Amino acid sequence: MQEIVSQLLDSIAAGRPVAYCRLVETRGSTPQKAGAAMLVFPDGAQAGTLGGGCVEAEVKRQALAILDNGRAEIVKFQLDSDYGWDDGLICGGRMLVLIQPLRAAAEAAYHEQLSKALCESEGCLEAIAFDSEASGLPAPATFLFSAAGKLLACEGASAEAATCVAEHLPDLAHRPQPKASRGVAYLPVLPRCRLLIVGAGHVGLAVAQWAPDLDFDVWVVDDRADCVSAERFPRAQRRICGDIGQTLANIEITPDTYCLIVTRGHNHDEEALYHLAERGARYVGMIGSKRKIRLIFDDLREQGIAADALQRVFAPLGIDIGSQTVPEIAISILAELVAHRNRGGEVPGRPGAVAVEAL
């Protein structure tokens with residue numbers, strides 16, 4: 001979403017009008033869900049998508065008309081044979097799309113605030129009134145709130161009108177899904193989680209390449225300067241070179257931190273797990289065979305690491321997709337991380353856990 005809003009602001013700054021299309025509510029089967037966004041430019045070009053097919057073409061047609069008349073509208077699309085006959089896409093659902101024409105810099109103040117909020121890792125939340133009768137608010141109207149529930153900006157309604165909207169804001173800490181209630185759509189932008197990758201080898205590198213696209217902020221730790229370089233990890237927020245034990249003993253671990261142990265050897269993995277198992281991270285995972293994991297668990301129990309902390313470790317690592325190559329292993333790990341984050345810790349398709357033996 002950050003990229004879409006950045007393109008929107010760049011277009012307005014360059015004097016190029018744009019129609020901002022937001023999917024605010026869906027019912028039934030639809031190609032995209034609430035929160036999807038698309039930009040439509042006067043020449044018919046677009047950025048982003050609302051699902052493709054005939055319905056997207058119709059959204060674009062109406063967006064161009066709205067860009068001409070200059071008035072934001074909520075437009076309903078019923079995904080039946082009218083929008084699917086030529087390509088077989090007959091979902092049968094309903095989509096409500098907010099189309100906002102933006103033609104001058106003075107009209108972009110709300111979206112400038114949105115861009116700032118999106119740059120923060122804490123997340124934010126948009127509330128969009130789409131039904132004036134059900135909500136008692138002007139429609140369309142948009143409200144932008146911080147993760148703490150503070151009103152940052154509003155458009156199409158007064159700041160006073162935000163009070164009743166704020167009463168029903170979901171808690172971003174629970175990673176809510178988009179929802180609609182009483183004629184208002186609540187579209188959360190969830191906080192980004194930190195992904196601490198311990199080990200800058202092949203698997204760590206592959207995971208770090210794709211993790212930012214999945215809303216993880218990547219930190220990489222390794223004791224080899226040439227491996228943890230900016231050239232190898234250009235998308236990492238932090239690249240930390242140093243002794244693994246000393247570095248991890250002093251590194252910040254938050255309740256939203258995901259820790260991935262993929263070092264080059266058994267001893268480094270054990271040292272990393274020793275420093276991470278009991279630090280209160282949201283997730284700790286370690287690569288390796290069940291035999292290796294069992295040996296490490298036994299050693300760490302003897303060193304005083306609690307059994308329940310070790311039992312919470314995700315090891316072996318990754319969803320079981322029959323991975324063989326490094327890219328396949330990375331995909332299985334990333335799928336596990338996303339499932340854990342989005343499903344409240346539940347990860348379907350995992351291999352059986354290694355039992356922690358009592359002392």
Side-chain angles (χ1 to χ4, degrees), residues 121-122 191-289 292-293 295-297 299-300 303-306 309-310 312-318 323 326-338 340-341 345 347 354:
S121 296
E122 289 80 7
R192 293 175 66 89
C193 294
R194 181 183 305 156
L195 175 58
L196 174 65
I197 301 176
V198 187
H202 297 301
V203 173
L205 177 61
V207 171
Q209 286 174 336
W210 297 322
D213 295 323
L214 301 173
D215 293 331
F216 288 98
D217 293 329
V218 174
W219 291 17
V220 185
V221 171
D222 203 288
D223 59 350
R224 300 165 294 175
D226 58 332
C227 289
V228 73
S229 66
E231 290 75 21
R232 274 174 59 81
F233 291 91
R235 305 188 70 188
Q237 277 199 346
R238 290 190 64 185
R239 295 168 293 272
I240 306 168
C241 181
D243 177 82
I244 288 177
Q246 293 178 5
T247 299
L248 294 181
N250 295 289
I251 205 165
E252 179 190 28
I253 302 295
T254 72
D256 284 328
T257 300
Y258 280 68
C259 301
L260 196 63
I261 301 172
V262 287
T263 78
R264 65 186 183 276
H266 178 119
N267 291 337
H268 288 304
D269 286 346
E270 183 172 322
E271 185 176 26
L273 188 57
Y274 175 84
H275 288 286
L276 295 175
E278 298 179 311
R279 296 282 296 282
R282 177 176 289 194
Y283 168 103
V284 178
M286 183 175 68
I287 201 167
S289 68
K292 167 191 149 178
I293 292 161
L295 290 171
I296 288 177
F297 282 0
D299 285 350
L300 293 183
Q303 295 177 56
I305 300 299
L310 295 174
R312 291 192 297 270
V313 175
F314 284 75
L317 192 60
S323 305
V326 168
E328 289 175 348
I329 293 168
I331 288 170
S332 76
I333 292 170
L334 288 163
E336 177 166 288
L337 297 176
V338 171
H340 185 278
R341 183 187 63 193
V347 181
V354 174

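From a predicted model like this one, the values you see are computed outputs, not experimental measurements.
With respect to the salt-bridge test (charged N to carboxylate O, under 4.0 angstrom), the residues K292 and D269 qualify.
Residue T254 holds its OG1 atom at 10.5 Å from CZ of R279, rounded to the nearest 0.5 Å. Taken to the nearest 0.5 Å, the CD1 atom of I287 stands 9.0 Å off from the CD1 atom of I293. Here Q237 contributes atom CD and L195 contributes atom CG; the two are 11.0 Å apart, rounded to the nearest 0.5 Å. How far CH2 of W219 is from OG1 of T247: 12.0 Å, rounded to the nearest 0.5 Å. Separating the OG atom in S332 from the CG atom in L317 is a distance of 6.5 Å, to the nearest 0.5 Å. Atoms CG and CZ, on L214 and R192 in that order, are 9.5 Å from each other to the nearest 0.5 Å.
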>> Walk me through whether H202 and L205 qualify under side chain to side chain contact (heavy atoms under 4.5 Å, CB included).
In response: CA-CA 5 Å; H202 297 301; L205 177 61; 5.6 Å; no
>> Before you tell me yes or no, could you show the steps for L248 and L196 under side chain to side chain contact (heavy atoms under 4.5 Å, CB included), namely the whole-Å CA-CA distance, both residues' side-chain angles and the distance that decides it to 0.1 Å?
In response: CA-CA 10 Å; L248 294 181; L196 174 65; 4.0 Å; yes
> After noting the C-alpha distance and the side-chain angles of I197 and F233, does the key distance pass the side chain to side chain contact (heavy atoms under 4.5 Å, CB included) rule?
Replying inline: CA-CA 11 Å; I197 301 176; F233 291 91; 5.6 Å; no
> Can V228 and I240 be said to form a side chain to side chain contact (heavy atoms under 4.5 Å, CB included), step by step?
Replying inline: CA-CA 7 Å; V228 73; I240 306 168; 6.0 Å; no
>> Run the salt bridge (charged side-chain N to carboxylate O under 4.0 Å, His left out) test on R282 and D256 for me, step by step, so that the C-alpha distance in whole Å, both residues' side-chain angles and the decisive distance to 0.1 Å come before the verdict.
In response: CA-CA 5 Å; R282 177 176 289 194; D256 284 328; 2.5 Å; yes
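Of all the heavy atoms in A309 and E278, the pair that sits closest is CB-CG, 3.7 Å. For the pair A281 and T257, the tightest heavy-atom approach, listed with the atom from each and the gap, is CB-O, 3.4 Å. A pairwise comparison of heavy atoms in P316 and G288 identifies CB-O, 3.7 Å as the closest pair. Counting all heavy atoms, side chain and backbone alike, D222 lies closest to A200 at OD2-N, 2.7 Å. Contact detail for I331 and W210: the closest heavy-atom pair is CG1-CZ3, 4.0 Å.
Relative orientation of the Y283 and Y258 rings is parallel, given thresholds of 30° and 60° on the angle between their planes.
Test V313, V221, L276, I296 against I261 for side chain to side chain contact (heavy atoms under 4.5 Å, CB included) and you get one pass: L276.
With sequence neighbours excluded, the residues that form a salt bridge (charged side-chain N to carboxylate O under 4.0 Å, His left out) with D213 are R235.
For the pair I305/F297, no side-chain contact is recorded, criterion being any heavy-atom separation below 4.5 Å from C-beta on. Under the 4.5 Å side-chain criterion, counting only non-hydrogen atoms from C-beta, E271 is in contact with D243. Side-chain contact between D215 and R341 is present, with at least one heavy-atom pair separated by less than 4.5 Å.
Under the 3.5 Å distance criterion, the side-chain polar atoms of E336 are left unmatched by any main-chain donor or acceptor of V347. Here the side chain of R232 pairs a donor or acceptor atom with the backbone of C227 at under 3.5 angstrom.
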